[in-house]
Amino acid sequence: METALSVVVGCLFAVALYLLLSKHIIRMLLGVVLLGNAVNILIFTAGRVASVAPPLVPKGAEMPLSAVANPLPQALILTAIVISFSFFAFLLVLAYRAYQDLGTDDTDQMRVAEPENDGLPPLGY
Amino acid sequence: MRTIIFRFTAPYLTALMLLFSIFVLLRGHNEPGGGFIGGLIAASAFAIYGIACGVAPVRRALYFHPMAIAAAGLCFAVAAGIVSIFAGTGFMTGLWVFPKIFGTEVALSTPMLFDIGVYLVVVGGISAIALALEERESD
Amino acid sequence: MAQIEATTGGTLALALPFIAAALAPIFKRLFKHHAAWILALAPALAFAILFSFLPSIANGGVIQFGYDWIPAFDIRFSFRIDGLASTFALLITGIGTLIVLYSGGYLQGHRDQERFFSFILMFMGSMLGLVLADDLMTLFVYWELTSITSFLLIGFDHDREKARRGAIQALAITGGGGLALLAGFILIRELAGFNSMSEILAAGDALRTSPYYTAIFFLVLAGAFTKSAQMPFHVWLPNAMEAPTPVSAYLHSATMVKAGVYLLLRMQPALGDTALWTTILPIFGAVTLVMGALLAVRATDIKITLAYTTVSSLGLLVMLIGVGTEGAIEGAVLYLIAHSLFKGGLFMVAGSVDHGAHTREIDRLGGLAKHMPITFVAALFCAFSMGGVTPFIGFLAKETLYHALEQGDAYHVALMASAILGNALMFAAAFIVALKPFVGKLPAAIHHPHEGALTIWLGPIVLGALSLLGALFYGTYHSLFSSPMASAAIGKPVAIDIGWMPHLNLAFALSMATIALGIAIYLGSNGLRRATNRVLDAIGWGPDRGFDQAMRGLLRVSFWITRRLQSGRLDYYMTVTVIAMVAALFVPMIVGKALPVAPEMPQLRFYEWLVLVLILVGIVAVVIAKNRLTAIVSLGIQGFAVALIFMLLGAPDLSFTQFMVETLSVVILALVMTRLKLSPADHRPWRETLPDAAIAAAGGAGFGLFLLSITQRPFDPLLSSFFERYSYAIAHGHNIVNVIIVDFRGVDTMGEIAVVMTTGLAVLALIRIRVAKRNRPLPDPTEATP
């Protein structure tokens with residue numbers, strides 16, 4: 001299973017990075033979502049996976065009786081999913097507002113902070 | 001998206017999802033579930049309600065501003081940590097009491113209070129985002 | 001006089017100026033300009049403490065004290081007071097006291113007077129630390145502190161561009177020299193193994209014979225020459241005249257510019273007496289001496305004239321230290337003290353004239369003697385000392401230095417000639433400043449010239465009187481100040497005994513010749529000024545313009561580099577980032593031989609294959625989607641497939657969360673994208689997308705191999721089994737994941753919900769904010785460039 005997931009993670013990263021390298025904000029956004037999933041599965045798989053029971057302690061027992069899935073990556077990923085969703089929502093709104101104000105979703109044309117030909121800074125003292 | 005059927009069923013769906021979200025939240029310590037999942041379910045419920053019937057009814061139904069709910073949640077979470085300091089243990093050390101209410105033993109704890117805080121933050125934060133985005137559609 | 005305990009007294013003397021600097025704003029608010037009288041108590045007290053050390057120091061004693069600073073590197077906060085340091089420190093605190101008083105009157109009513117008090121007291125403290133420091137790092141810290149505080153002082157009138165330029169120039173040149181000095185000190189510490197001046201002086205020939213001597217020599221020289229304004233680093237000194245006159249009177253007489261001279265005198269026993277030393281120093285010194293004096297006579301602003309004579313005097317001092325014989329050092333010491341007194345006095349006179357007549361242009365001044373008699377007397381005393389007329393201490397200095405240069409060979413004859421020429425020019429400059437404004441007819445443009453307040457005329461007259469008294473009571477003067485100073489600088493006890501009574505010898509004859517030449521230059525100064533101007537106009541370029549060109553060049557280069565690194569194109573940044581990431585993945589794996597071995601074909605169940613294929617289909621569809629709906633749906637499909645993977649592999653919590661998040665993502669994405677009216681498809685040509693695809697594929701392969709490599713290694717279950725064992729036992733929870741989130745790692749979660757909360761606020765702010773039209777013109781904060 002780990003081998004197959006490694007391949008899937010590789011593909012997810014490749015597609016996510018490809019989308020992030022695009023010049024269109026919308027495609028970059030899609031890339032961010034895929035990147036989040038890619039990282040989550042990477043962490044999940046690095047904690048070893050198998051088709052086993054969820055990490056629950058049975059009623060009346062002190063600790064799990066049989067093998068359970070690794071709980072640690074799960075705890076890390078659970079919060080990560082929610083955070084990356086908030087992050088995604090923020091980026092989405094940012095892109096939306098940028099589009100409204102600048103009238104473009106092409107990053108090459110978003111040059112408010114770093115104008116194309118802003119000339120030399122003042123040479124005086 | 002505002003079909004008659006959707007608008008008719010949405011309030012019931014929302015109510016059911018809210019109930020379910022609280023159920024998921026409360027059982028979270030012992031079964032799959034918890035504050036994050038419960039909060040997301042509740043936020044989705046409000047989002048659905050908003051899409052079906054418009055944002056104004058949702059805001060009325062919520063009564064508080066979503067960010068106020070989120071802020072309250074954060075306060076709950078911090079309070080859950082601070083209680084432990086007054087009890088003489090370290091910040092965020094879990095405290096448990098098992099009072100009997102109507103003959104049933106109920107487990108109350110600071111981690112549970114913390115989880116409720118998480119639930120409220122997620123409900124408030126995510127529905128604030130979703131409602132804000134939905135609202136612009138009518139402008 | 002009772003001697004104060006060295007450590008307490010010394011530390012107090014060092015701290016007093018800084019304490020006064022901190023209190024200055026409060027006193028200024030309480031007492032207006034009268035605060036000067038209280039603030040002057042700080043340097044006066046420091047002077048008194050240092051003076052109480054004098055008896056033991058005059059007998060050849062050395063006072064040392066200090067504290068551990070960074071023991072791990074053998075860096076101490078340590079100090080050493082010998083004859084050299086003592087005389088310097090007395091000049092700094094003594095003249096400093098007069099300067100604080102003077103600035104109380106001179107800047108009366110200035111809106112930032114308290115700031116001025118603070119700056120000048122901080123500068124005083126730094127300078128005091130510099131001359132008293134023993135540990136090399138302590139010395140360097142004080143050295144740079146003087147650069148910084150002088151920057152603040154020179155740029156005090158910061159709303160004038162010329163003042164800002166002067167300040168930046170001084171900081172760039174002296175600060176740059178300071179860095180060279182730091183390099184030199186580090187060489188001395190690390191390679192020669194000396195941590196402090198005491199160790200260096202005790203080591204005798206060790207530095208001279210060190211293989212790093214040349215490097216140390218040039219680095220120390222760079223520090224000293226920039227600070228002490230040797231050609232061609234002298235440009236900052238005249239430009240620093242933009243500062244209020246008390247600053248010039250202080251920095252350019254006894255303190256700042258003497259720091260380099262101090263360093264050379266201090267290091268002379270250890271670094272001097274080599275071919276390099278006796279060649280380079282006198283040549284630079286002689287050129288600076290003559291050129292500075294010529295430029296001084298050329299200037300028409302009396303403050304600029306004085307500034308160039310300071311450059312010239314510094315050249316003379318460097319030349320004498322370079323010659324390095326006992327007589328030359330004695331001459332340098334006598335000249336240094338005399339110069340501190342008369343130059344401080346003359347600068348204050350220039351300030352008083354400016355204050356009384358409201359101009360400093362020599363052509364527009366005249367006839368002030370009747371209206372400013374005290375200032376006139378002070379000016380004459382200082383000018384006599386500067387011109388080397390007996391019975392003033394300048395005469396003692398000039399006799400001694402001519403005597404020291406009386407050697408037959410051509411080299412010394414050349415040095416002697418430049419000394420005579422320079423001194424004659426300086427004689428003329430002295431009387432241009434001290435005589436011309438006071439004699440002749442009062443120009444009509446000057447209304448109501450008047451003597452300033454007590455604080456203003458006190459400084460010049462005291463310094464002028466001291467120039468006279470020092471020569472009259474030369475026995476006391478030598479025994480307390482000049483002999484101990486010369487002994488410390490030479491490295492063995494010497495006794496100076498020159499008096500004010502002239503003796504008929506060669507030195508006296510040369511002295512007379514100098515004065516005669518000086519009078520001739522004074523009378524012909526207008527012609528000389530025109531001639532110098534013509535020559536300078538013909539050359540048309542000087543180090544001052546060179547500085548501007550260098551600064552602009554620096555700006556252009558940094559602008560060019562910034563443009564290269566920050567192109568302003570996001571895809572360029574992303575490409576660089578991803579390539580760096582790919583390198584970070586592959587290089588350690590290949591270098592550390594951690595590449596995974598070829599895996600076997602995984603044995604999976606049918607539905608597991610199905611889910612994995614679903615993810616791949618989803619992501620491929622996202623890339624090739626031609627319209628919004630396809631893209632959103634495909635994104636949803638891969639998200640749900642990921643949720644299914646979590647479900648299959650024993651993570652129901654993750655699965656539920658992923659389901660909910662994917663649902664919400666799809667919903668809000670649909671909400672926004674329908675409004676953006678943009679196609680998610682890529683419209684770029686293949687030649688742009690292909691390199692991107694290659695880089696992305698490399699990144700994907702990197703992460704895939706990285707993960708495979710991890711999973712092929714043994715797993716350490718330490719943490720996982722800890723949580724499994726104690727989840728119920730300690731935290732009373734059956735759901736281990738939830739227990740980790742809300743209990744074991746609760747503080748983490750608290751941070752994360754704070755992030756969710758902040759994102760919510762940020763989104764609300766972004767949506768609500770109505771961005772104003774950006775087309776309004778920005779105010780231009782800059783003035784026209786010179």
Side-chain angles (χ1 to χ4, degrees), chain A residues 2-4 6-15 17-18 20-23 26-27 30 33-34 37 42 45-46 48-49 52-57 62-64 69-72 74-75 77-79 81 83 85-86 89-90 92-93 96-97 99 101 105 107-108 111 114 120 122-125, chain C residues 161 164-165 168 552 559 568 570-571 574 578 599 602 612 615-616 619 622-623 642 649-654 657 661 672 676 678 680 682 692-693 696-697 699-700 703-704 707-708 710-711 715 719-720 723-725 727-729 734-737 740-741 752 755-756 759 762-763 766 771 782 785:
Chain A
E2 278 110 351
T3 309
S6 300
V7 175
V8 170
V9 164
C11 294
L12 267 172
F13 266 109
V15 171
L17 293 177
Y18 177 71
L20 279 172
L21 288 170
S22 157
K23 292 184 180 188
I26 291 296
R27 282 175 78 80
L30 299 175
V33 175
L34 291 185
N37 282 339
L42 178 91
T45 313
R48 305 302 189 271
V49 291
V52 287
L56 298 172
V57 182
E62 275 283 303
M63 48 192 285
N70 189 351
L72 185 60
Q74 294 195 22
I77 296 167
L78 195 116
T79 48
I81 292 174
I83 297 276
F85 172 70
S86 333
F90 175 70
L92 187 66
V93 174
Y96 172 55
R97 294 290 307 166
Y99 177 69
D101 276 1
D105 83 325
T107 56
D108 271 358
R111 314 269 324 209
E114 292 168 293
L120 278 170
L123 290 171
Y125 291 91
Chain C
E161 182 171 13
R164 296 199 296 272
R165 176 171 184 271
I168 290 173
R552 283 180 203 184
F559 180 75
L570 189 60
D571 62 326
M574 289 304 299
V578 173
L612 296 183
I615 295 186
L616 297 182
I619 57 178
V622 171
V623 177
V642 171
L649 296 176
D653 283 319
L654 293 192
T657 316
V661 161
V672 172
L676 280 179
L678 285 171
D682 204 352
D692 284 358
F703 277 106
L707 183 56
L708 205 55
I710 290 175
T711 52
F715 178 63
L719 275 174
S720 306
F723 289 125
E724 282 166 18
R725 189 172 310 144
S727 171
Y728 187 73
H734 291 284
N735 181 354
I736 304 174
V737 174
I740 294 176
I741 290 176
E752 274 147 7
V755 172
V756 173
T759 335
V763 167
L766 266 179
V771 179
T782 59
T785 52

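Letters go in sequence order (proteins before strands), and every chain restarts at 1. Note that the structure is predicted; figures quoted are calculated from it, not measured.
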Region of Phe715(C) in contact with chain A, defined by heavy-atom distances below 4.5 Å: both
Name the option with the most non-hydrogen atom pairs under 4.5 Å to chain A; the candidates are Leu570(C), Leu616(C), Ile619(C). Ile619(C)
If I compare all heavy atoms of Val622(C) with all of Leu30(A), which pair ends up nearest, and what's the gap? CG1-CD1, 3.9 Å
Which one of Pro64(A), Ala4(A), Ser6(A), Gly10(A) has the most heavy-atom pairs closer than 4.5 Å to chain C? Ser6(A)
Which of these, Leu56(A), Leu72(A), Val57(A), sits in a side chain to side chain contact (heavy atoms under 4.5 Å, CB included) with Ile736(C)? Val57(A)
Give the member of Val755(C), Val672(C), Leu719(C) that has the highest number of heavy-atom pairs under 4.5 Å with chain A. Val672(C)
When rounded to the nearest 0.5 angstrom, what distance separates CG in Leu766(C) from CZ in Phe90(A)? 5.0 Å
Heavy-atom closest pair, residues Leu612(C) and Val8(A): CD2-CG2, 3.8 Å
Looking at Glu62(A) and Tyr728(C), what are the two nearest heavy atoms and their distance? O-CB, 3.5 Å
Can you see which heavy atom on Arg27(A) is nearest to which on Val623(C), and at what distance? NH1-O, 3.4 Å
Flag the one option from Leu42(A), Val9(A), Val52(A) with the top tally of heavy-atom pairs under 4.5 Å to chain C. Leu42(A)
Tell me, side chain or backbone of Val7(A) under 4.5 Å from chain C's heavy atoms, or both, or neither? neither
Assert top hit (heavy-atom pairs under 4.5 Å, partner chain C, pool Thr79(A), Val15(A), Leu78(A), Leu12(A)) equals Leu78(A)
Separation of Asp692(C) CG from Leu17(A) CG (nearest 0.5 Å): 10.5 Å
Report the option among Thr711(C), Ile741(C), Ile168(C) that has the most heavy-atom pairs separated by less than 4.5 Å from atoms of chain A. Thr711(C)
Below 4.5 Å from any heavy atom of chain A, which atoms of Ala729(C) appear? Answer side chain, backbone, both or neither. both
Can you tell me how far apart CD (Glu724(C)) and CG (Asn70(A)) are? Round to the nearest 0.5 Å. 7.0 Å
Tightest non-hydrogen contact, residues Ile740(C) and Ala75(A), listed as CG2-CB, 3.5 Å
For each of Ala89(A), Ala69(A), Ser86(A), tally heavy-atom pairs with chain C at distances under 4.5 Å, and name the one with the top tally. Ser86(A)
With rounding to the nearest 0.5 Å, note down the distance linking CD in Gln74(A) to CZ in Phe723(C). 12.5 Å
Checking heavy atoms, do the side chain of Val578(C), its backbone, both or neither come under 4.5 Å from chain A? side chain
Measure the shortest side-chain to side-chain distance between Leu21(A) and Asp571(C) over non-hydrogen atoms and say whether it is less than 4.5 angstrom. no
For chain A, find which of Val763(C), Thr759(C), Leu649(C), Ile710(C) contributes the most heavy-atom pairs closer than 4.5 angstrom. Leu649(C)
CD1-CG distance between Ile615(C) and Leu34(A), expressed to the nearest 0.5 angstrom: 10.5 Å
If you take all heavy atoms of Pro55(A) and Gly650(C), which pair is closest and at what distance? CD-O, 3.4 Å
